[in-house]
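Single-structure report; data block below.
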Amino acid sequence: MMLYYDLHIHTALSPCASDDMTPNNIVNMASIKGLDVIAITDHNSAKNVKAVYNLGLKKGLIVVPGIEVQTREEVHILCYFYSVDECAKFSEIINENLIKIKNEKTIFGNQFVMDEEDNVIEEIDYSLLISSNLSINEIFEYMEGKGVAVPAHVDRPSYSIVSNLGFIPNIKNLTTIEISKGIVTENFLHSYPEYRKYKIIRSSDAHYLGDISEREEFLLCKSELKSVVDWLCGY
């Protein structure tokens with residue numbers, strides 16, 4: 001089955017995202033655009049995942065529980081989980097490994113936790129835009145059996161595994177990498193032919209509703225959460 005996806009979407013919990021990125025707005029926009037699968041991947045937290053996941057169930061939209069972790073090396077890694085509960089547990093681990101620096105919301109933006117009716121139920125007062133104390137290898141080790149870790153936007157000049165390390169190291173369970181929405185896959189592989197061994201996904205990294213992908217990128221698997229994560233794992 002062809003499932004059209006956008007696997008990199010931020011909610012209003014990410015300070016760099018619009019306050020309009022509420023659970024209902026995201027699910028409704030994804031439905032309008034004809035997507036079958038989305039992933040919620042806020043910076044260093046999964047506190048809005050459950051609300052979006054539950055709304056997705058009502059709409060027939062697969063919502064992959066996720067987090068975009070900033071590692072000790074200042075590399076962004078997308079972590080996709082088989083379950084909301086496992087994602088929430090990992091979110092707490094990330095929280096324990098963050099230095100708590102006040103979020104200057106007038107500069108960086110609000111960090112809103114919302115319920116299924118888009119009510120703000122909590123505001124995170126420490127910055128989510130900092131590196132955790134967990135390394136790339138520790139993230140991949142933790143994810144084994146719980147889901148899949150995917151280096152984010154590897155084509156970018158900052159916060160990517162290629163820009164910060166200079167290459168993609170040989171990591172156990174590294175099966176998939178993400179490139180930015182505007183990058184042509186074959187052009188990227190022409191520059192980096194050694195990365196043909198990986199599955200490549202292209203997602204929006206949406207911070208605004210209009211950024212959410214159209215019905216363009218697809219994966220081939222059954223229409224259920226486990227199958228989507230298994231596809232990313234390379235099964």
Audit row: Tyr192, Ile177, side-chain contact (heavy atoms from CB on, under 4.5 Å) steps and yes/no
CA-CA 12 Å; Tyr192 299 98; Ile177 60 176; over 6 Å; no
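- Using a 3.5 Å distance cut-off with no hydrogens or angles, the side chains of Glu86 and Ser83 do not pair a donor with an acceptor.
- The only member of Asn110, Ile124, Asp125 that meets side-chain contact (heavy atoms from CB on, under 4.5 Å) when paired with Lys105 is Asn110.
- Side-chain contact of Asn44 with Tyr126: a donor-acceptor pair under 3.5 Å is absent, judged by distance alone.
- Of all heavy-atom pairs between Ile130 and Ile99, the closest is CD1-O, 2.8 Å.
- One N or O on the side chain of Lys181 and one on the backbone of Asp211 form a donor-acceptor pair closer than 3.5 Å.
- Remark: side-chain polar atoms of Tyr5 are paired, donor with acceptor, to backbone N or O of Arg202 under 3.5 angstrom.
- Once rounded to the nearest 0.5 Å, the distance linking CG of Leu189 with CD1 of Ile200 reads 4.0 Å.
- Hydrophobic cluster membership differs between Ile201 and Ile161, with clusters built from Ile, Leu, Val, Met, Phe, Trp and Tyr side chains linked at under 4.5 angstrom.
- Applying the under-4.5 Å side-chain rule to Ile, Leu, Val, Met, Phe, Trp and Tyr, the cluster around Leu129 extends to Ile107, Phe108.
- Ionic pairing of Arg196 and Glu186 is present here: one or more N-O contacts between side-chain nitrogen and carboxylate oxygen are shorter than 4.0 angstrom.
- Put simply, CG on Leu7 and CD1 on Ile62 are 10.0 Å apart, with the number rounded to the nearest 0.5 Å.
- Once rounded to the nearest 0.5 Å, the distance linking CZ of Arg156 with CG of Asp205 reads 4.5 Å.
- Formation of a donor-acceptor pair under 3.5 Å by the Asp115 side chain with backbone atoms of Ile121 is not found in this model.
- Side-chain atoms of Ser213 and Asp6 include a donor-acceptor pair closer than 3.5 Å.
- A tilted orientation is assigned to the rings of Phe81 and Phe90, their planes being inclined by 30° to 60°.
- A donor-acceptor distance shorter than 3.5 angstrom exists from the side chain of Arg72 to the backbone of Asn133, with no hydrogens or angles considered.
- Here the options are Asn28, Asn25, Ile32, the test is side-chain contact (heavy atoms from CB on, under 4.5 Å), and the partner is Leu209; only Asn25 passes.
- Atom NZ in Lys222 sits 10.5 Å away from atom CE in Met1 (nearest 0.5 Å).
- Between the side chain of Glu73 and the backbone N or O of Ile136 there is at least one donor-acceptor pair closer than 3.5 Å.
- His43 and Gln111 share no donor-acceptor pair across their side chains, judged by distance under 3.5 Å alone.
- Residues Thr71 and Ser135 fail the side-chain proximity criterion, which asks for heavy atoms closer than 4.5 Å.
- Of the possible donor and acceptor atoms, none in the side chain of Ser131 sits under 3.5 Å from a partner among the backbone N and O of Gln70.
- Within the 4.5 Å cutoff, the side chain of Ile40 has no heavy atoms near those of the Leu13 side chain.
- For the side-chain contact (heavy atoms from CB on, under 4.5 Å) with Ile139, the lone residue among Ile77, Ile67, Val75 that qualifies is Ile77.
- Judged purely by distance below 3.5 Å, without hydrogens or angles, the side chains of Glu116 and Asn54 pair a donor atom with an acceptor atom.
- In the hydrophobic clustering, Phe112 connects to Met114, Val120, either directly or through intervening members, whenever side-chain heavy atoms lie under 4.5 Å apart.
- For the pair His10 (side chain) and Thr41 (backbone), a donor-acceptor distance under 3.5 Å is present.
- When all heavy atoms of Ser31 and Lys59 are compared, the pair lying nearest together is OG-CD, 4.0 Å.
- Distance alone, capped at 3.5 Å, is enough to place a donor-acceptor pair between the Asp155 side chain and the Ser180 backbone.
- With Asp36 contributing its side chain and Tyr4 its backbone, the two residues share a donor-acceptor pair below 3.5 Å.
- Within the 3.5 Å criterion, the main-chain N or O of Trp231 finds a donor-acceptor partner in the side chain of Lys199.
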